[in-house]
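Just so it is clear, the structure is predicted and the values come from calculations on it, not from any experiment. Proteins get letters first, then strands, A, B, ... in listed order; numbering begins at 1 in each.
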There are 2 protein chains.
Amino acid sequence: MDKLLNLKTAESEKVSHSDYFRIAISVDCVIFGYDKKELKILLIKSDLAEFSDLWSLLGDLVRPNEDLETASYRILKERTGLDDVYLEQVYTFGSLNRHPSGRVITVAYYSLVDINHLHLKLTHNELHWHRLTDIKNLAFDHQLILNTCLQRIREQVMEKPVIFNLLPEKFSLRELQELYQSILGVNLDRRNFRKKISLKDWVVDLDEMESDVPHRPGKLYKAKVQLRKKQAKKRLQSQL
Amino acid sequence: MDKLLNLKTAESEKVSHSDYFRIAISVDCVIFGYDKKELKILLIKSDLAEFSDLWSLLGDLVRPNEDLETASYRILKERTGLDDVYLEQVYTFGSLNRHPSGRVITVAYYSLVDINHLHLKLTHNELHWHRLTDIKNLAFDHQLILNTCLQRIREQVMEKPVIFNLLPEKFSLRELQELYQSILGVNLDRRNFRKKISLKDWVVDLDEMESDVPHRPGKLYKAKVQLRKKQAKKRLQSQL
DNA sequence: CAGGACGGTGGCAAACAGCCAATAAAATCC
DNA sequence: GGATTTTATTGGCTGTTTGCCACCGTCCTG
């Protein structure tokens, strides 16, 4: 039950109505990319003195007139220029002291983008891709948020065809396998991998070959379905 | 990135600092129980005129000095008297118009309680257990929240030993199977079920028998591990 | 003491998952 | 252009898991 107008309980414990509006809410996006056979995360230099020289996730406060998804898409659009990306809510973090400037509850989303298909405005904000394996100390509780999102994506990557959002439109099975290995952190048997992928019926053979590779070129494939913004919304609504 | 003190972006779009504190945050608990071979949900009569005669989930606004889990436990304690329950965050709902009285973002939790081991204060608040199959129109977006939590519990019930929170301490394998069937909405083969449970190593044979049953009594078991409040906290922290 | 309800148990077949190696095609190097 | 390197492509064997099925025993009730 939500109650705004019925504050009997609250009043009896000396909490005034306006106190309930002393909590701010933000979204933080764990933006995954994939390049040079490594999983990357997009981070920005923290703008808080407490965390000077630390990196943090991309996020912002939620505005009174936008819903959570809209806020996430806004952040992604502002930072990456993309607005047709895969985005999924993961978890909400609300510890009392997670933000040094006050009470901020944050809703974490993960996002998957094709790192080579976007051109960041890297000019005046310190925005950079970091290898997952290099990330150590993040500002706030962003390390926890990142770990939680990574765990979620690992769970989902074999269940739903989300992974293709990290790849260019055309890709070889070798590239796909290397990406899976980066995400899961294990090596996969090539033949078993190809069997499993073909069973899942997620990719379409394009009848084209790689070019500009220093070895025998492989066949190119594309994703059969691409889970993106619109599809994600439909999916949520269908839960009703 | 969270920003409270750096509101350049916001100001340039005519959003003042105080606007960010016009969003309230609540938690809503989907409290599952199990009785008479049916899955039940604990609901309360909505106290909003807009939703008169509709039932709603148990929830309340989050206080400025409590974190999300604390708020959920407080609600459970207030309503059910229990404070050692299994509780898990599921999803956060933040549509603009989900609450008729203003902007309220709510974090949904599901909870599993032993329905026969608690004595509700059913006196002056209209608080009742409802059969899952009877629930039709809930207040707010609570039907969506319920469906989302139900989906989550269905995903988790074969993965983690959470289900025992719905049962009394001692139970027979038949009771356990019937509970699984209620949650999953399917019938299970008895022999396969028993094989699978014994493989999972979640239960301990108590060397006791059912009594007061109008048929041949079965063996009684108890849960080997009980995921409850303290364990849940440890689990979250270990993600760090 | 007969009937009803449930308890307890295992084997067979199909699908799936993990493991392994040999040949072919293209690029590079000399 | 021949040798070398790198990767592509493909299938069968094996152990494991999953799904499906039926009978006899025991306790209770009437």
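- In this entry the distance linking CG of A:Asp205 with P of D:dA8 reads 14 Å, nearest Å.
- At a threshold of 4.0 angstrom between heavy atoms, the contacts of B:Lys195 include nucleobase atoms, whether or not backbone atoms are also involved.
- Tested against A:Glu210 for a side chain to side chain donor-acceptor pair (under 3.5 Å), the candidates A:Arg216, A:Lys219, A:Arg174, A:Lys170 yield a single pass: A:Arg174.
- With 3.5 Å as the limit, one finds no donor-acceptor pair spanning the side chains of B:Ser56 and B:Ser46.
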* **Worked check of salt bridge (Lys or Arg N to Asp or Glu O under 4.0 Å) between A:Lys222 and A:Glu169** => CA-CA 6 Å; A:Lys222 67 169 185 175; A:Glu169 197 191 336; 5.5 Å; no
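- What separates CG of A:Asn192 from P of D:dT16 is a distance of 16 Å, to the nearest Å.
- As a whole-Å value, the separation of A:Gln177 CD from D:dT7 P is 12 Å.
- Expressed to the nearest 0.5 Å, how far CZ of B:Arg194 lies from CD1 of B:Ile197 amounts to 10.5 Å.
- Contact of A:Arg190 with D:dT9 (side chain to base): a donor-acceptor pair of N or O atoms is detected under 3.5 Å.
- Judged by closest nucleotide on DNA chain D, B:Lys196 is the one of B:Val213 and B:Lys196 placed further toward the 5' end.
- Not less than 6.0 angstrom separates the ring centroid of B:Tyr221 from the ring centroid of B:Phe171.
- For the residue pair A:Glu88/A:Tyr86, the side-chain donor-acceptor check at 3.5 Å is satisfied.
- Between B:Arg191 and A:Lys219, the residue anchored closer to the 5' end of DNA chain D is A:Lys219, taking for each the nucleotide with the nearest heavy atom.
- Between the NE2 atom of A:His215 and the C1' atom of D:dT9 there is a distance of 14 Å, rounded to whole Å.
- Between the P atom of D:dG11 and the CZ atom of A:Phe193 lies a distance of 18 Å, rounded to the nearest Å.
- If you walk DNA chain C from 5' to 3' and mark each nucleotide with an atom closer than 4.0 Å to a heavy atom of chain A, the marks span C:dG18 to C:dA27.
- Nearest-nucleotide mapping onto DNA chain C: of B:Glu210 and A:Leu199, the residue sitting toward the 5' end is B:Glu210.
- Checking B:Arg174 against B:Asp189, the closest nucleotide of DNA chain C that is more toward the 5' end is the one next to B:Arg174.
- As judged by a 4.0 angstrom heavy-atom cut-off over every strand, A:Arg194 is placed among the base-contacting residues.
- Between A:Phe32 and A:Tyr34, the ring centre distance reaches or exceeds 6.0 Å.
- The NZ-C1' distance, from B:Lys200 to D:dT18, rounds to 12 Å in whole Å.
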